[in-house]
Amino acid sequence: MPQTMTSADLRTHNQVRLLRAVHDTAAPLTRAEAARVLGIGRNTAAALVGELEQARLLHEVPAEAGGRGRPTTLLVPHPRGLLAFAVDFREDTWTLASVELGGAITELEGGEHDRTPRAFTQIRAAIERHATDRLAVVGFATSGPIRDGRRLHISHLGWDEVDLDVLIGADWPETLVDNDARLAGLAEARRGALRGMGTAMHFHIDFDIGGTLLLRGDAQRGAHNIAGEFGHMPLTGSALECMCGVRGCWSLDVGANALVRRFGARPGYGEGRDLAREILRRAEDGDPEAAAALDANAAALGRGLGALANALDPEAISLSGLGLDLIRLRRGLVEAACAESLMAFRRDDPPQILPGTVGDAGPLTGAAEIAWDALLTADRVRARLQSA
């Protein structure tokens, strides 16, 4: 039987709801607006805000004067409150940022790495350089699937189920790790183009393509935490063998690796990003060979999206990373190829294909979101209030 909620439990529950409302809104809330969102009285809201201010979880500041009437205040992060760190770890680079309540991101440090697990030591040193007693949780976005939350596999780097418990040891702050494409989708659902949608998909295209299915704003993870490897489905009929061990993966035809392969360069191992960007520039300038490579990439993207739309019926599909370039430069081709892959009865109402609005910061933003999800819980808030 469910336990009865005590008055103290209810108060903590409302405090968490209030913090979540402040975190999720695009612009700062007034106390009165927060009361309306939560469905509570103004006096109750005032008491909750006061307690959270004392615990350095929330801060009230005067709003700009807006004419007659009683001056109002805005609810903002406390200047000495909790911080999360977010890491975006890609096949060739990494970025570290701090994130406050409400999602504001401040980039702290970043750089290239040697494409081996030693990069985690480099990132840990950067976290140590910037950490203060305000740091509570680190959210970590990484390319590649993570089986059961601890076995990281990055086929393009030759990483075969690297043990995250070894890489992220007891000397790290509390750290939550998830796949970069899934986190980019979570960012779009929370703060971008997919906000408010019930069923949607997101694809982050970098060296190859990865994605996630989002249901009511929540990225689906699967039985072993590795759902969303759509790039490793045979959606476009490629005859090539992927570094993942499967022949014909969609990712062989979509992304930077596919672009550089057409120009004779070796794909994989986190190399070729600069050449891929050069190919895009040349295609935009009208170079026929580069344009043909871009056309092939865009058509393969559209065919795969259509096949997945048949299976999963999303309201909309958003794109980030190289996907922004593909939709900007070849939207018509992407949409036409998607329509050709749709079942005939679906073609009069295809899913929207949208450029993501969070942009290249998608994985970093998603990493920040899972860190704050861990902080905005009843147990965390209760402990903070009790120690105030």
Side-chain angles (χ1 to χ4, degrees), residues 180-220 227-237 249-256 258-259 276 280 283-284 291 293-363 365-366:
D180 59 350
R182 183 184 298 145
L183 292 179
L186 183 67
E188 292 295 343
R190 296 273 183 90
R191 302 191 179 275
L194 302 178
R195 197 166 188 161
M197 293 193 181
T199 302
M201 300 188 75
H202 179 79
F203 293 92
H204 183 68
I205 306 173
D206 193 12
F207 287 104
D208 65 359
I209 185 168
T212 188
L213 172 67
L214 297 133
L215 302 178
R216 294 176 297 280
D218 186 27
Q220 303 305 294
E229 291 299 317
F230 299 110
H232 296 287
M233 297 175 67
L235 299 177
T236 48
C249 289
W250 185 27
S251 63
L252 294 167
D253 294 326
V254 180
L259 286 175
L280 289 175
E284 196 165 5
L294 179 59
D295 289 347
N297 224 283
L301 171 62
R303 288 197 300 274
L305 295 182
L308 292 170
N310 287 334
L312 298 170
D313 190 27
E315 297 170 48
I317 300 169
S318 63
L319 303 172
S320 61
L322 183 64
L324 296 176
D325 296 292
L326 292 174
I327 202 69
R328 176 176 62 87
L329 298 172
R330 294 293 189 271
R331 172 181 284 278
L333 183 52
V334 172
E335 291 179 341
C338 177
E340 289 176 4
S341 293
L342 289 173
M343 300 168 71
F345 82 97
R346 293 178 179 269
R347 291 175 189 163
D348 62 346
D349 188 22
Q352 301 178 73
I353 301 175
L354 305 171
T357 57
V358 181
D360 286 343
T365 303

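- Looking at residues two or more places apart in sequence or on another chain, you find no salt bridge (charged side-chain N to carboxylate O under 4.0 Å, His left out) involving D360.
- A salt bridge is absent between R330 and D325: the closest approach of a Lys/Arg side-chain nitrogen to an acidic carboxylate oxygen does not fall below 4.0 angstrom.
- Proximity of L259 to L280: side-chain heavy atoms (C-beta onward) are separated by under 4.5 Å at one or more points.
- With contacts defined as side-chain heavy-atom distances shorter than 4.5 Å, the pair V358/S320 does not qualify.
- Separating the CG atom in L329 from the CG atom in L326 is a distance of 7.5 Å, to the nearest 0.5 Å.
- With R182 contributing its side chain and A227 its backbone, the two residues share a donor-acceptor pair below 3.5 Å.
- Between M201 and the choices L319, I317, D313, the side chain to side chain contact (heavy atoms under 4.5 Å, CB included) rule is met once, by I317.
- Counting only distance, with no hydrogens or angles, the side chain of Q220 and the backbone of D218 share a donor-acceptor pair below 3.5 Å.
- Of all heavy-atom pairs spanning F230 and L213, the tightest one is CE1-N, 4.2 Å.
- In plain terms, the two heavy atoms of L294 and A283 that are nearest each other are CD2-CB, 3.8 Å.
- A side-chain donor-acceptor contact under 3.5 Å links S251 to the backbone of G231.
- Between A276 and A256, the shortest heavy-atom distance links the atoms CB-CB, 3.6 Å.
- Nearest approach of A258 to V254, heavy atoms of both residues: CB-N, 3.8 Å.
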Could you walk me through whether T212 and H202 pass side-chain hydrogen bond (donor to acceptor under 3.5 Å, both in side chains), step by step?
-> CA-CA 6 Å; T212 188; H202 179 79; over 6 Å; no
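- Across L305 and V334, no two heavy atoms sit closer than the pair CD1-CG1, 4.4 Å.
- Contact detail for G192 and T357: the closest heavy-atom pair is CA-OG1, 3.1 Å.
- In this structure, the side chain of D180 does not engage the main chain of P363 through any donor-acceptor pair within 3.5 Å.
- At distances below 3.5 Å, at least one donor-acceptor pair connects side-chain atoms of E188 with backbone N or O atoms of A193.
- Judged by distance alone, with hydrogens and angles left aside, the side-chain atoms of E315 form no donor-acceptor pair with the main-chain N or O of P351 at under 3.5 Å.
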T199 vs L312, side-chain contact (heavy atoms from CB on, under 4.5 Å): CA-CA, chis, key distance, verdict | CA-CA 9 Å; T199 302; L312 298 170; 5.9 Å; no
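- Residue L322 holds its CG atom at 9.5 Å from NE2 of H204, rounded to the nearest 0.5 Å.
- For the pair R328 (side chain) and G323 (backbone), a donor-acceptor distance under 3.5 Å is absent.
- Looking only at distances, no side-chain donor or acceptor of R195 sits under 3.5 Å from a matching main-chain atom of A189.
- Rounded to the nearest 0.5 Å, atoms CG (D349) and CG (L342) are 10.0 Å apart.
- Within the 4.5 Å cutoff, the side chain of L308 has heavy atoms near those of the F203 side chain.
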Under the side-chain contact (heavy atoms from CB on, under 4.5 Å) criterion, do R190 and T365 qualify, and how do the steps go?
-> CA-CA 9 Å; R190 296 273 183 90; T365 303; over 6 Å; no
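- The residue from I327, I209, L333, D253 that alone fulfils the side chain to side chain contact (heavy atoms under 4.5 Å, CB included) condition with L301 is I209.
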Report the C-alpha distance between L214 and M197 in whole Å, list the side-chain angles of each, state the deciding distance to 0.1 Å, and finish with yes or no for side-chain contact (heavy atoms from CB on, under 4.5 Å).
-> CA-CA 9 Å; L214 297 133; M197 293 193 181; over 6 Å; no
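- For S341 (side chain) and R303 (main-chain N/O), a donor-acceptor pair under 3.5 Å exists by modelled atom type.
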